[in-house]
Each structure stands twice: as structure tokens, then as C-alpha cells.
J.: 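Have a look at the structure that comes next, please.
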Number of protein chains: 2
Amino acid sequence: MSRGEETRARILDVAQDSVLAKGFDATSIEEIVANAEITKSGFFYHFRDKNALARALIDRHIEVEKELFDDLLGRARELSDDPLQGALIGLKLLAELIEDMPGGHPGCIVATAAYQDRLFDQDVRDANRRAVLGWRARFRRMFEEIAQVYPMRDDVELEHLADFVSSVVEGGIVMARAVGDPLITSQQVMLLRSYIKLLFEPRIQ
Amino acid sequence: MSRGEETRARILDVAQDSVLAKGFDATSIEEIVANAEITKSGFFYHFRDKNALARALIDRHIEVEKELFDDLLGRARELSDDPLQGALIGLKLLAELIEDMPGGHPGCIVATAAYQDRLFDQDVRDANRRAVLGWRARFRRMFEEIAQVYPMRDDVELEHLADFVSSVVEGGIVMARAVGDPLITSQQVMLLRSYIKLLFEPRIQ
DNA sequence: GACGGTACTGCACCGCCGGTGCGGTTTTTA
DNA sequence: TAAAAACCGCACCGGCGGTGCAGTACCGTC
């Protein structure tokens, strides 16, 4: 990583901390440059404006989360050849991952953007959209594999089910923040797991 | 309603439209006073600062939503004496209500506050917390009534289940906004309904 | 019909923040 | 060693939240 890339990454690091802690517009550029030990001019050398910063944060978030899910679901599939058991293990691991995060899940930058969409330009909204559609495709594949093996106990669209995973995680984060109880998010993920179990798992007799 | 109360309500109306459309801090006070046909001084006569406005918006939101849910669940219970069927009908009505909203659900002001919590003071966060805990109590009672009649097919906490309703709605709103498809929220509510059905409904044989 | 409170208006002003412009300087690379 | 990349320093602009205060229109009460 070159010197410029290092500085850019350092800016993104301190910006992400602040954004997740107190929201995007409560995070001032002056505060970012102070914590990143750079000048305002230096900041605007790397980012055209605050929108470009948001865009870069979301893009990086997509990458990091993709690797995280790849790792998590990969480990889950190693633990079981069965697609349903793999998914259930994956959701359990996800709940544990969220629970172990110090101070709870730091919050999702995608939701932050979704709730202030007029503040961002088309580029940022597109990046946000791509992130969510990426999750949809990923979880849809997961559920399709399960549905090929197990009959469904209720007639629901797999695409909606794929979105359900994201919904519950995002909603769980909102609830955890609103109530001030960081454990809520992982509890909600476990309820999602309960649903997947009831929806696909064959019952004896 | 006195003259002052009318003005105050008019300010809240135009503020709410803007906040739901583009976020709280993207909504300027100058814009609000222009649309409400009042002066800046007039605004600060009714609200000490922007925090007081947020607080008032949330308080009013709690009231309106409480009436909406009372009406909706009341109608659902009229249609069926059975608590489970009442809940399933209620969730269906909720999904239809959300689907019929022009341009999709306008978004939840509570989540807006949750994602910018450092921007607001303790008063606002407390009001937000009360709103969410109110939902928890409401839905918890609903599930307790069901659980007294029907055995549960999976061992989950009723309090977590109560939060699940809010999670799915809030998460569904985030997803709808992020993807740009207003139908998503109601689809997610129907998946929640599917879970409640599988969790409580006795299967024949 | 004078009185006093309520509900404002008008205006000047402050500080913070996002953003611009540009000249100068250091560091890295070819 | 010269050019290109990666900054620094500083002045300045406009928008926005917010303050302060004097003046005024409305409106029910005695």
C-alpha cells in the first residue's frame, strides 16, 4: 500500500468510526481531519466532497461484509454437507458474531444512507442499492439450495425470504439502538433462524 | 384548537413531510418556516431548538401510531374471537395498509432518530425508547394471549418475538428505501405472518 | 374601551461547517 | 534530477442553527 493509499484508508477508518457512532452529518470534516492527523486540504485532495467520502465508505463496507459472510457461510458449510443445516449453523454463527461485538453491532452504514438519501447523490444511492441487491442474490442462492432438498411448509417467495435476512438484521440494529440493548440484534437473528427451521425442517411423524 | 396550537400543528405537519422525505438534518428550519408560512422568530417561539422539534415529532408519532394500531388490531379481533387468527388477520391488514400507502411507507421517524442519536439530546432518545417499549408491551400481550391457547412449535422468548414485529417493519422500511421498491415492506410483514402461523398454528395429523 | 397576555414579526448578529481557490512544500518515483 | 504525487497553510464564501430584543397584531377579560 502506497503512502497515498495509507492516508486514504486512515481517513476512511476514522470517518467510519464517527459515522457509525453518531451519524453521517453529525460527523464534521474538521473532526475527521483532526483524528486522521491530516489537514482539510489533504482531505479534499483524496475526496472531492463529503458525498465522495460516503460513497467510498459504502464501497468499502460492501467488500468487508462480503468477505465476512463468505468466511462465515464457508465455515458453516464445512460443518455440514446439508444446505439447511449449513444455513442454520451460519445464522447461529452470525448471531454469535453480532453478540460478541463489543458494545453491540456498530450499526449498518447502508441503513444510515437509506435514512438520509436526499442528503446523498445518485452515486451513493446506487452503491447502496448494489450492496443490498448483492445480499439478496447471496441469500437467495442459499435458500434455493435448501428448497431443492426440503419441501417448504408455507408458500413464500424465495426472493422475499432472501430480503428477510437483511430486513431482520437491519431492523434488529435499529431496535438495539433505539432501546439501548445491544443484545437485541442477535436475538432477532435467532428468531429468523427459528423461522427457517420451521419453514424447511421436516418434522418426525 | 387555539390559534397557537394550530400554528404549532402546521409546523409539525410540514416538518414531518420533509423529515420523512429527506432526513432530519437535511431539513432546514428556514425551509420549514417558509412552507409553514411563518417567520424564523415564530418557529423559535414554539420550539426552543431543533431538538424540541424532533421531540415533538416523535411524541406525536407515538400517539398517531398507537391509534392506528388500536384501530387495526381492534378490527382484526372483531373479525375473529381466536387470538391467533386475530393476530394473523391483523398482520394481513397491516401489510395491506403499508402496501396501500402512496409511494410506499413514508419511513419511520423512530429509526431516523435511532440512526442519528448523537444529534439528539437525552429527551429525544428517551421519547424514542418509550415508543419502542410501547410496541414491545403491546405485541407481547398479543403473543401471550396466543400462547395461552396454542402450544409453541419452537422455544422462543415472547419478548423477543414482540420485538420481532418491530424489527421486521423497521428493517422492511430500510430495505424498501435502499432498493427503491416500496412493496418490500409489506412483503416482509407477510413473511413475519408466515412465521407466526408456523410457530403457533396446529397442523392436522 | 383600557389592559395584559399570547402569538407572533423584523432585523441584526454570532459561530460552525462544507466547500473553494491557490500558492507553496515535501515526498516519492521514473 | 526533474516531474509527478501527496500534501500544507491560509484566506474566504454561503448556508444554517441559534440568540437577542424591540415592536406589534390579535383577543379575551374586567
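Quick note: numbers below take in every heavy atom, side chains included, and nothing from hydrogens, waters or symmetry partners.
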J.: Parallel, tilted or perpendicular: which fits the ring planes of A/F143 and A/F200, with parallel below 30° and perpendicular above 60°?
T.: parallel
J.: For the pair made of CZ in B/R8 and P in C/dT6, what is the distance, rounded to whole Å?
T.: 15 Å
J.: For the base of C/dC11, is there a side-chain donor-acceptor partner from B/S41 under 3.5 Å away?
T.: yes
J.: If the test is side chain to side chain contact (heavy atoms under 4.5 Å, CB included), which one of A/T7, A/D59, A/L53, A/V19 qualifies with A/L12?
T.: A/L53
J.: Checking contacts here: which listed nucleotide (D/dC7, D/dC8, C/dA7) is nearest the side-chain heavy atoms of A/T39?
T.: D/dC8
J.: Using whole Å, report how far CD of A/E30 lies from P of D/dG9.
T.: 15 Å
J.: On the nucleotide D/dC26, are OP1 or OP2 found under 4.0 Å from the side-chain N or O atoms that B/R3 carries?
T.: no
J.: Can you tell me the distance, in whole Å, between the CD1 atom of A/I38 and the P atom of D/dA6?
T.: 11 Å
J.: Go through the steps for B/Y150 and B/D82 under the test side-chain hydrogen bond (donor to acceptor under 3.5 Å, both in side chains), then give the verdict.
T.: CA-CA 10 Å; B/Y150 297 96; B/D82 184 75; 2.6 Å; yes
J.: If I take atom CZ in residue B/F44 and atom P in nucleotide C/dC13, what distance separates them, rounded to the nearest angstrom?
T.: 19 Å
J.: Whole-Å distance between D/dC16 P and B/F24 CZ?
T.: 15 Å
J.: Less than 4.0 angstrom between a side-chain N/O of B/H46 and OP1 or OP2 of C/dC8, yes or no?
T.: yes
J.: Round to the nearest Å and state the distance from A/E6 atom CD to D/dC7 atom C1'.
T.: 14 Å
J.: May I ask you to say what A/R48 touches in the nucleic acid, namely base, sugar-phosphate or nothing, with a heavy-atom cut-off under 4.0 Å?
T.: sugar-phosphate
J.: Hey, does B/S28 reach any base, or is it just sugar-phosphate, or nothing, if we go heavy atoms under 4.0 Å?
T.: sugar-phosphate
J.: When you check the gap from the basic side-chain N to the acidic O, do B/E96 and B/K92 get nearer than 4.0 Å?
T.: yes
J.: Do the non-hydrogen side-chain atoms of A/R60 and A/Q16 ever get within less than 4.5 Å of each other?
T.: yes
J.: Output the single nucleotide from D/dG17, D/dA6, C/dG19 whose closest atom is nearest the side chain of A/S2.
T.: D/dA6
J.: Can a side chain N or O of B/Y45 be found less than 4.0 Å away from OP1 or OP2 on C/dA7?
T.: yes
J.: Tell me: CG of B/D49 to P of C/dC14, nearest whole Å?
T.: 21 Å
J.: Assuming nearest nucleotide by heavy-atom distance, tell me which of B/F43 and A/G42 is located more 5' along DNA chain D.
T.: A/G42
J.: If I take atom CD1 in residue B/I11 and atom P in nucleotide C/dA7, what distance separates them, rounded to the nearest angstrom?
T.: 12 Å
J.: Below 3.5 Å, does any donor atom in the side chain of B/K40 face an acceptor in the base of D/dG18, or the other way round?
T.: yes
